[in-house]
2 protein chains.
Amino acid sequence: MKQKKNVTFNDIAKYTGFSKTTISRYFNNPDSLTLENQEIISKALVDLDYKENKVAKILANGQTEFIGVIVPNLHNHYYSEMLNQILQTYEQFGYKFLVFVGNEHADTERKYIEELMSYKIEGLIILSFTIPSRELADLHLPIVTIEREDKYVCSVNTDNYMGGVQATSLLASHNCDILIHINTPTSPEIPAYGRIAGFEDVCREKNLRHKVIYRDLGSTYDSMKKSLSEILDELEKDYPTEKKGLFISSDTHANVFLNLLIQRYGTLPRDYYLVGFDDSPISTEAVIPISTVGQHIDQIAFEAVSLLVEQMNERKKRRPAPLEKTVHKVITPYLIRRETTEKDS
Amino acid sequence: MKQKKNVTFNDIAKYTGFSKTTISRYFNNPDSLTLENQEIISKALVDLDYKENKVAKILANGQTEFIGVIVPNLHNHYYSEMLNQILQTYEQFGYKFLVFVGNEHADTERKYIEELMSYKIEGLIILSFTIPSRELADLHLPIVTIEREDKYVCSVNTDNYMGGVQATSLLASHNCDILIHINTPTSPEIPAYGRIAGFEDVCREKNLRHKVIYRDLGSTYDSMKKSLSEILDELEKDYPTEKKGLFISSDTHANVFLNLLIQRYGTLPRDYYLVGFDDSPISTEAVIPISTVGQHIDQIAFEAVSLLVEQMNERKKRRPAPLEKTVHKVITPYLIRRETTEKDS
DNA sequence: TTGTACGCGTTATCAC
DNA sequence: GTGATAACGCGTACAA
């Protein structure tokens, strides 16, 4: 089967005259060998061109150093960038990632989780949202979710409420006559709901005229364009003269809305103020750079892996764990003022 | 160490009265058991809640079903979408992917490859371009590269030459007075060079006035904007009245150029025709949808994994392999006509 | 059709 | 400081 048989501890042992045990110790506890013997083994490794075999190591000590990851997709910039940052943590923690794309299909994701379990992953990071956290908790495996329903498991989320507050306050500071938030219908169970709550709270607190427009914009560019075009018509009709401050649920949507305005008026009319969400590339690359609220994706990824590593380490102790309550970390977002709010200022 | 000891073949064997071997056969060659006994074992699996352990399986038969993947980054839509499609092939081939982000640092990538080897990956897909294919070939492992220098290894690439021809022909069909191709300095060794060759060949063949502008546009939006703004100035100066057909190396760059024009003129001037490359989201989301050449990322990913699987299967045969020459598959791109060329038609 | 015995390459537990 | 020996959980000749 195998091309060339790999060099093993046995080969090194024979070559050097030591036992397998000593070779093992050279790697795991070198100080217990004399410097002399370390040298001998070190040389043998080179002579024989030894390559380590982590599979054997895993079977022997049970530590795979694997973390499973399930993302809904990688089209969405948020997910691909999050995966990017998660993978980067290899440098700090040394864990390897087995990645699956769930495509928002619960049973597929369950199958993936089973496969991951068979590879003895030590922990799991979940970005997909089809499987309830209740069910995830039953896996009895260290788990961290990111930006999804997280009642029964540990999680790291953006402070969406604060994001909503920041965006709304920015619009308010420009003295808009009417503040409008456009979003898809959102369950209060998921973190993104905070954006809506933040918007409403600021408006109420400051006693501002406002409105939330809930509408499913679809996932294709055309459906988004169609829905937003309708919304634009409504706004033009309902608030023809008012200075309108729009907080739109994502930069992608904000960009479509902006393009509609440009196509209609050749420029961004003075009575429109726009803020998006995510600080995704499109917010920079749009004809007119879009003000937005950014999530610290790098921090979130790092905190998620940290939180997971903590749990995994706890598991390895002899007295397994005090298993405290589920931890929910929250990362504060940042506001970026760009031209859709700071016009020719 | 371990929470609860896992149920093993031994446990099932004791429970059912069979031997471990029979249990193993139940999974790998069930037909060799009587239906009756299959039932008994099947029931035992449920009773004991058996979960398979692939790590042990690997150590025993050497087949990890792991494929290593190294991408330069995941910011770039092309890479994240390619990874997306690669991961999807799990459904057809069952291979799991260990993914690393190389960040274009050769030594880091070498370290990652070593780590991957220690996990006994069966094959490797390389999208990063820092390590020469000569060196990759020396790993003596099934390898497929995608869209990079591939002299000594198998690869799957887009037919960049054809892409260049398509883009250029489109511009030519609009009777542009001058055709211009903007690109970064590109080595003839990498597939993307074909775009330049295709452009030049079409222009020469049709005897068209043309020019290739080589310029490093940097990687930030601002540097791109700055460089392209300079190029725009040059074009305005050199070809003030000519109908200009621009083939730009990527949609991202084409979008920046488009935005510059819009900012300058409020609309896309009638004497500018633009074609980008990649069919990335920005080409659709731009103020004016950009004509572009699309790569069949799904096909490329599928062919890459297929090609790899072929090599891996060959390795498992008793007479290892006729090891033919390296295979280079080529996928034809598609042209999308959008508003930057098909104006009000 | 089923079982025995050994191997896969490492770590862990004792001894010495 | 070092070495036997037994796990780890499964696959596979070979035998019956």
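Here is how names work: the chains are called A, B, and so on, in the same order as the sequence lines, proteins then strands, and each is numbered from 1.
No contact: A:Y26 has no heavy atom under 4.0 Å from any strand.
The listed nucleotides are D:dG11, D:dC10, C:dA12; the one nearest the side chain of B:S24 is D:dG11. The side chain of A:A60 lies closest to C:dT10, out of D:dG11, C:dT10, D:dT2. Listed candidates were D:dG11, C:dT10, D:dT2. Nearest to the side chain of A:F9 is C:dT10.
Using a 4.0 Å cut-off between a side-chain N of Lys or Arg and a carboxylate O of Asp or Glu, B:E65 and B:K54 qualify as a salt bridge. Contact check on B:D11 versus B:K14 returns no salt bridge, with no Lys/Arg side-chain nitrogen under 4.0 Å from an Asp/Glu carboxylate oxygen. Ion pairing of A:K51 with B:E114 is absent here, as no side-chain N (NZ or NE/NH1/NH2) approaches a carboxylate O to less than 4.0 Å. Residues B:K111 and B:D107 are not paired through a salt bridge, judged by the lack of any N-O separation under 4.0 Å between the basic side chain and the carboxylate.
A side-chain donor from one of B:Y90 and A:E115 sits under 3.5 Å from a side-chain acceptor of the other. For B:S128 and B:E109, the side-chain atoms include at least one donor-acceptor pair closer than 3.5 Å. A side-chain N or O of A:Q85 and one of A:E81 form a donor-acceptor pair less than 3.5 Å apart.
Across B:Y15, B:F27, B:Y26, a single residue satisfies ring-ring contact (aromatic ring centres under 6.0 Å, His included) together with B:F9, and that is B:F27.
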Sort me out a list of protein N/O and nucleotides 4-6 of chain D N/O pairs below 3.5 Å, or just none if empty.
from: D:dA4; atom 1: N7; to: A:T21; atom 2: OG1; distance (Å): 3.2
from: D:dA4; atom 1: N6; to: A:T21; atom 2: OG1; distance (Å): 2.6

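Residues A:F18 and B:Y50 both approach DNA chain D. Their nearest nucleotides, taken by heavy-atom distance, put A:F18 toward the 5′ side.
Atom NZ in B:K54 sits roughly 13 Å away from atom C1' in D:dC10 (whole-Å rounding). Rounded to an integer number of Å, the gap from CD of B:E52 to C1' of D:dG11 is 14 Å. A:L48 has its CG atom 14 Å from the P atom of C:dG9, to the nearest Å. In this entry the distance linking CG of A:N61 with C1' of D:dA7 reads 12 Å, nearest Å. C:dA12 atom C1' lies 14 Å from atom NZ of A:K57, rounded to whole Å. Between A:Q63 atom CD and C:dT10 atom C1' the separation is 13 Å, expressed in whole Å. In this structure, CD1 of B:I23 is placed 16 Å from C1' of D:dT12, rounded to the nearest angstrom. Put simply, CG on A:L59 is 4 Å from C1' on D:dC8, counting in whole angstrom units.
DNA chain D is contacted by A:S32, A:L33, A:T34, A:N37 of residues 27-38 of chain A, taking any non-hydrogen atom closer than 4.0 Å.
Centroid-to-centroid, the aromatic rings of A:F97 and B:F97 stay 6.0 Å apart or farther.
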